[in-house]
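Data first, discussion second: the structure below is written as structure tokens.
Proteins get letters first, then strands, A, B, ... in listed order; numbering begins at 1 in each. Not measured: the values here are computed from a predicted model.
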2 protein chains.
Amino acid sequence: MAEFVRTEGVPVYVQIRESLRAEIAQGLLKRGEQLPSENELAAKYNVSRMTMRQSIEDLVDEGLLYRRHGVGTFVAYPRLQRDHTRLTNFFDKAENEGFRAQAKLLSMEIIPAAPKVAEALDIHTGSRVIRVKTLRFADGVPVTVHDAHIPYKLFPNLASENLEIQHLWTIFEKAGYRVKRAVQRLEAREASKEVAQLMKIKEGAPVLFKERTVYADDGTPIEFTYCYNRGDLYSLTVALER
Amino acid sequence: MAEFVRTEGVPVYVQIRESLRAEIAQGLLKRGEQLPSENELAAKYNVSRMTMRQSIEDLVDEGLLYRRHGVGTFVAYPRLQRDHTRLTNFFDKAENEGFRAQAKLLSMEIIPAAPKVAEALDIHTGSRVIRVKTLRFADGVPVTVHDAHIPYKLFPNLASENLEIQHLWTIFEKAGYRVKRAVQRLEAREASKEVAQLMKIKEGAPVLFKERTVYADDGTPIEFTYCYNRGDLYSLTVALER
DNA sequence: GAGTGGTCTAGACCACCCG
DNA sequence: GGGTGGTCTAGACCACTCG
């Protein structure tokens with residue numbers, strides 16, 4: 001076995017974690033196989049056991065490993081794509097899944113928040129929100145109508161940004177809001193006339209409707225969006241835990 | 001401030017975590033408020049800083065607190081219902097949301113696994129699977145057609161169970177498989193003739209289609225299900241993290 | 001520069017599982 | 001009893017943020 005060499009600038013536990021992940025991905029560690037004990041691994045990587053545990057902890061959280069108290073640490077069975085579980089935006093998704101993403105700005109306006117929008121964003125009804133409507137294309141085919149509402153107070157300069165080449169979230173992060181989580185409600189609906197025209201489908205065709213609130217890591221709601229996805233071309237994968 | 005008293009038998013970091021959680025719940029620590037530094041907290045609770053960090057870590061993972069490197073640790077803003085994030089079954093969901101759940105067994109058969117089913121369950125194509133179809137009612141209205149596939153090898157006695165009064169998962173757990181997570185793919189589809197008849201909707205009406213693989217905590221796939229939910233009555237809420 | 005969280009060490013004892 | 005993971009300590013230095 002090759003000796004482990006630390007790289008400067010990257011935390012050791014991250015390096016070890018990725019090294020383990022690679023071993024699993026390459027099949028050096030097989031499904032169901034028991035890992036060496038934490039003490040052995042710590043010795044192998046020349047770190048303290050606490051550091052070793054931190055690496056393992058991350059992979060357990062991801063579902064790649066599991067532990068049995070008094071028994072050992074094992075490689076979990078299926079290769080769950082944790083990616084699918086993660087909150088991503090349209091452009092990241094395109095990169096992962098290998099399609100070409102484009103967005104066309106349909107409209108941008110500053111309007112008073114409707115009650116439902118206000119509740120989701122935790123602002124007063126009637127407070128100003130920026131409403132951004134975009135049409136999104138995968139490999140040139142329109143797949144999603146995206147209708148976002150953002151509190152004006154949080155991002156007063158949003159209107160001056162080019163939203164066709166960068167994602168809203170990029171702008172949020174530039175303003176110091178780290179996008180952390182989203183809660184989304186999903187429904188199957190019939191396409192309205194407007195949505196049908198935009199996506200070039202029949203009125204009444206099935207559409208995956210998504211109502212989403214996005215939160216920064218301090219818990220501030222920063223975006224509330226209605227999303228209409230073409231039923232025949234779009235699917236959404238999520239993972240849930242008990 | 002009252003002195004912190006350790007209880008025997010419960011890990012200290014759990015006690016501290018719950019103590020902090022209570023302070024937040026009771027409003028002693030307010031939204032957005034900065035906590036004392038980790039060193040101060042460690043001193044207050046009379047533990048090492050590493051132990052203190054473990055308590056905080058858990059609450060950060062839950063989204064109750066957030067940290068800013070070089071700045072401090074803060075109480076996050078809204079209380080997200082973590083419930084929505086969790087994997088639940090139809091009967092639990094009914095209990096939470098306050099509707100009356102019923103299931104009607106449509107069919108149960110032992111068949112060879114189709115390629116797609118086999119891949120999801122990580123068994124060979126043609127291996128025996130138990131296919132259980134049920135129709136599910138909320139307050140007496142049919143809302144879901146549930147078409148589950150379970151590896152026969154794992155649960156050979158499944159066929160003798162009454163599936164109208166207990167959930168599949170109850171049976172899995174009796175057999176020693178802890179249901180841990182599920183990956184589900186969602187689509188909007190048109191109702192087929194069969195599905196439409198069962199749920200008393202029009203053929204072609206929008207249906208929220210869900211393809212779900214359920215895993216035990218060691219990663220074994222134990223159930224693969226096609227689920228057809230009435231679009232006009234059913235919605236699904238999920239939370240995603242980055 | 002002072003204060004914060006982020007990483008890391010080299011130990012220790014405990015709780016659990018198995019043969 | 002022997003090995004495993006679970007918890008915990010008392011330090012240390014680093015990276016980041018802010019005034």
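- With distances taken from any side-chain atom of S48(B) to the nucleotides dT9(D), dT7(D), dG6(C), the minimum falls on dT9(D).
- In this structure, M52(B) places its CE atom 18 Å from C1' of dG11(D), rounding to the nearest Å.
- Residues G70(A) and R49(A) each lie close to DNA chain D; by heavy-atom proximity, the contact nearer the 5' end of the strand is made by G70(A).
- Under 3.5 Å, the side chains of S107(A) and E109(A) contain no donor-acceptor pair of N or O atoms.
- Each of G9(A) and V12(B) was assigned the nucleotide of DNA chain D with the nearest heavy atom; the assignment lying further toward the 5' end belongs to V12(B).
- Taking only side-chain atoms of M50(B), from C-beta outward, the nucleotide of dT4(D), dT9(D), dC18(D) with the closest atom is dT9(D).
- Looking at heavy-atom distances under 4.0 Å, E40(B) makes contact with sugar-phosphate atoms alone, never a base.
- Atom OH in Y13(B) sits about 16 Å away from atom C1' in dT9(D), given to the nearest Å.
- Rounded to whole Å, atom C1' of dG5(D) lies 12 Å from atom CG of L41(A).
- Closest to the side chain of P11(B), out of dT7(D), dG5(C), dG6(D), is dT7(D).
- Picking from dC8(C), dG5(C), dT4(D) the nucleotide with the shortest atom distance to the side chain of T51(A) gives dC8(C).
- When rounded to the nearest whole Å, the span between CD of E38(B) and P of dT17(D) equals 16 Å.
- Scanning all heavy atoms of the two residues, the minimum distance from P36(B) to L41(B) falls at O-CD1, 3.5 Å.
- Rounding to the nearest 0.5 Å places OH of Y215(B) at 9.0 Å from CZ of R181(B).
- Using a 4.0 Å heavy-atom cutoff across all strands shown, R68(A) reaches sugar-phosphate atoms only and no base atom.
- Here the P atom of nucleotide dC8(C) and the CG atom of N46(A) are 13 Å apart, to the nearest Å.
- More than 12 non-hydrogen atoms from other residues, nucleotides or ligands lie less than 6.0 angstrom from CD of E211(A).
- Of all nucleotides listed (dT7(C), dT9(D), dC16(C)), dC16(C) comes nearest to the side chain of H69(A).
- Nucleotide dC13(C) holds its P atom 14 Å from the CG atom of N39(A), rounded to whole Å.
- A donor and an acceptor atom, one from each side chain of S19(B) and Y45(B), are located under 3.5 Å apart.
- Residue-level contact check: Q15(B) touches neither bases nor backbone, having no heavy atom under 4.0 Å from any strand.
- One finds no side-chain N or O of R67(B) lying less than 4.0 angstrom from the OP1 or OP2 phosphate oxygen of dT4(C).
- Contact check, T73(B) against dT4(C): no side-chain N or O comes under 4.0 Å of OP1 or OP2.
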